[in-house]
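Just so it is clear, the values below take in all heavy atoms, side chains as well, and ignore hydrogens, waters and symmetry mates.
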Amino acid sequence: MKELPTIIVTGASSGVGAYCARALKAEGWRVFATARKTKDIAALEADGIEALHLDYCDPRSIEALVAMVLDRTDGRLDALYNNGAYAQAGAVEDIPVDILRKQFEANFFGWHDLTRRILPAMRRQGHGRIVHCSSILGLMPLPYRGAYCASKYALEGLMLSLRQELIGTDIHVSLIEPGPVASDLHENGLPQFRNSIDYENSVHRDAYRKLMDGMWSGSNHARAKAGPEVVYAALKHALLSRRPRPHYVVTMPARIGVLFKRILPASLFYRLLAKNT
Ligand SMILES: NC(=O)c1ccc[n+]([C@@H]2O[C@H](COP(=O)([O-])OP(=O)(O)OC[C@H]3O[C@@H](n4cnc5c(N)ncnc54)[C@H](OP(=O)(O)O)[C@@H]3O)[C@@H](O)[C@H]2O)c1
């Protein structure tokens, strides 16, 4: 019997990861999906998915995940989809260094750790696909998202270098750059913001109030946002195409952003972006 293709999908408790894990399973993949909470692991298992614990901020959980998956697959893994992340909000001058480090631990160092632990298996078997869910905010900044933008910019640099280092092998690295997608990303970031930023005493308190009325009020769900299936379409191309692309810019606002970045003078482009808070 032909073996199913295997993939790790991280951050599968909600949003894009939850959708992609189930869609891949429905399309015949053997999916190892990760989550942090017991109830989310149980929900994935109830849908027939092999669910495992992973917290990118805990290197032991990364090591344990890789050991468990490779044990179950006799050392093979066709693909890795790094997806789990959170969005730390706050003005750059208000973000304590330890909070910035935590953002990088979850969104950057953990992704690096998991990727390099998987690579030896891909090299042994002679092929593999590594796909990262970056963000349009890894290509252009927004105010009050500095920590998140920095983690995604860093990811772009690291993983594009890896892509170059893998030229000549059949292991391919791609980055997906979504614009706004309906998910729990902003809501999940709100407690982090409240716990880490002294927003009531900040010079930016009026801007924070605006953010709370907009991004965090739930009204962003009401606005037209793409669904996770647009990210899934890019993921599938990166997994299955003979020539997976380095970048998949996903959603119309993201594509317009890339076009404007190309054609507008930089100072005008960044000023326009700043109005888009
Ligand atoms: N939604 C957007 O507009 C948008 C736009 C561009 C890029 N993205 C990217 O899309 C990806 C998926 O986000 P989403 O929009 O689907 O948001 P989401 O619904 O908040 O999902 C984020 C997932 O990441 C997990 N996660 C958070 N911190 C983690 C950690 N330390 N270790 C392991 N997993 C962790 C969460 O698990 P818990 O439930 O345990 O917290 C959750 O499963 C992220 O990489 C995000 O940066 C999203």
Original post:
Counting only N and O atoms by type, is there a donor-acceptor contact under 3.5 Å from the side chain of Lys25 to the main-chain atoms of Cys20?
Top reply: no

**OP:** Calculate, to the nearest 0.5 Å, the distance between atoms CG and CD belonging to Asp58 and Glu63 respectively.
**Re:** 10.0 Å

Subject >> Tyr86 and Tyr148 aromatic centres sub-6.0 Å >> reply: no

Original post:
Between His132 and Glu156, does any side-chain donor sit less than 3.5 Å from a side-chain acceptor?
Top reply: no

Original post:
Quick one: are Leu175 and Met159 in side-chain contact, heavy atoms under 4.5 Å?
Top reply: yes

Original post:
Are Glu50 and Val31 close enough that some pair of their side-chain heavy atoms sits under 4.5 Å apart?
Top reply: no

Original post:
Ignoring hydrogens and geometry, is there a side-chain-to-backbone donor-acceptor pair from Lys152 to Cys133 under 3.5 Å?
Top reply: yes

Subject >> Contact check, side chains of Gln88 and Phe104, non-hydrogen atoms, under 4.5 Å >> reply: no

Original post:
Closest heavy-atom contact between Met140 and Cys149?
Top reply: O-SG, 4.2 Å

Subject >> No-hydrogen, no-angle side-chain donor-acceptor test under 3.5 Å, Asp170 and His172 >> reply: yes

**OP:** Would you kindly say whether Tyr199 and Arg209 are connected by a side-chain donor-acceptor distance under 3.5 Å?
**Re:** no

Original post:
Do Arg129 and Leu240 come close enough that some side-chain heavy atom pair is under 4.5 Å?
Top reply: no

Original post:
Would you call Arg117-Asp113 a salt bridge at under 4.0 Å N-O?
Top reply: yes

Subject >> Donor-acceptor under 3.5 Å (Ser174 side chain, Val131 main chain) >> reply: no

Original post:
Closest heavy-atom contact between Ile171 and Leu166?
Top reply: O-CB, 3.6 Å

Subject >> Short side-chain donor-acceptor distance under 3.5 Å, Tyr144 and Asp94 >> reply: no

Original post:
Can you tell me if Thr10 uses its side chain to pair, donor with acceptor, with the backbone of Gly84 under 3.5 Å?
Top reply: yes

Original post:
Which atom names give the shortest non-hydrogen contact between Pro191 and Glu187, and what distance separates them?
Top reply: CD-O, 3.3 Å

**OP:** Would you check if the side chain of Ser241 reaches a backbone N or O of Ala238 as a donor-acceptor pair within less than 3.5 Å?
**Re:** no

Subject >> side-chain contact (heavy atoms from CB on, under 4.5 Å) assessment of Leu65 paired with Ile8 >> reply: CA-CA 9 Å; Leu65 170 75; Ile8 293 177; 4.3 Å; yes

Original post:
Under a 4.5 Å cut-off applied to non-hydrogen side-chain atoms, are His127 and Gln125 in contact?
Top reply: yes

**OP:** Locate the shortest heavy-atom distance separating Gly138 from Ser134; write the atom from each residue and the value.
**Re:** CA-OG, 4.3 Å

**OP:** Check whether any side-chain N or O of Asp78 sits under 3.5 Å from a backbone N or O of Thr6 as a donor-acceptor pair, and report yes or no.
**Re:** yes

**OP:** Determine yes or no for a side-chain-to-main-chain donor-acceptor pair under 3.5 angstrom, with Asn83 supplying the side chain and Gly11 the backbone.
**Re:** yes

**OP:** In plain terms, say whether Asp213 and Lys210 are close enough for a salt bridge, that is, a side-chain N and a carboxylate O under 4.0 Å apart.
**Re:** no

**OP:** Keeping the roles fixed (side chain from Arg145, backbone from Pro141), state whether a donor-acceptor pair exists under 3.5 Å.
**Re:** no

Subject >> Derivation and outcome, side-chain contact (heavy atoms from CB on, under 4.5 Å), residues Val173 and Thr115 >> reply: CA-CA 10 Å; Val173 178; Thr115 302; over 6 Å; no

Original post:
Counting only N and O atoms by type, is there a donor-acceptor contact under 3.5 Å from the side chain of Arg76 to the main-chain atoms of Thr73?
Top reply: no

Original post:
Can you tell me if Ser151 and Gln103 form a side-chain donor-acceptor pair at under 3.5 Å?
Top reply: no

**OP:** Evaluate side-chain contact (heavy atoms from CB on, under 4.5 Å) for Tyr232 paired with Leu24, printing each intermediate quantity in order.
**Re:** CA-CA 9 Å; Tyr232 183 61; Leu24 286 163; 3.7 Å; yes

Subject >> Minimum-distance pair of heavy atoms, taken over all atoms of Leu273 and Pro143 >> reply: O-CD, 4.3 Å

Original post:
Just by distance, do the side chain of Asp47 and the backbone of Ile49 share a donor-acceptor pair under 3.5 Å?
Top reply: no

Subject >> Residue pair Thr34, Val9: steps toward the side-chain contact (heavy atoms from CB on, under 4.5 Å) verdict >> reply: CA-CA 6 Å; Thr34 80; Val9 175; over 6 Å; no

Original post:
In terms of side-chain heavy atoms, does Ser61 have a donor or acceptor partner in Asp55 at a distance below 3.5 Å?
Top reply: no

**OP:** Check whether any side-chain heavy atom of Val258 sits under 4.5 Å from a side-chain heavy atom of Glu177, and report yes or no.
**Re:** no

Subject >> Salt-bridge criterion met for Glu27 and Lys236 (N-O under 4.0 Å) >> reply: yes

Subject >> Over 12 non-hydrogen atoms of neighbours within 6.0 angstrom of CZ in Arg255 >> reply: yes

**OP:** Please check if the distance between the ring centroids of Tyr208 and Phe193 is under 6.0 Å.
**Re:** yes

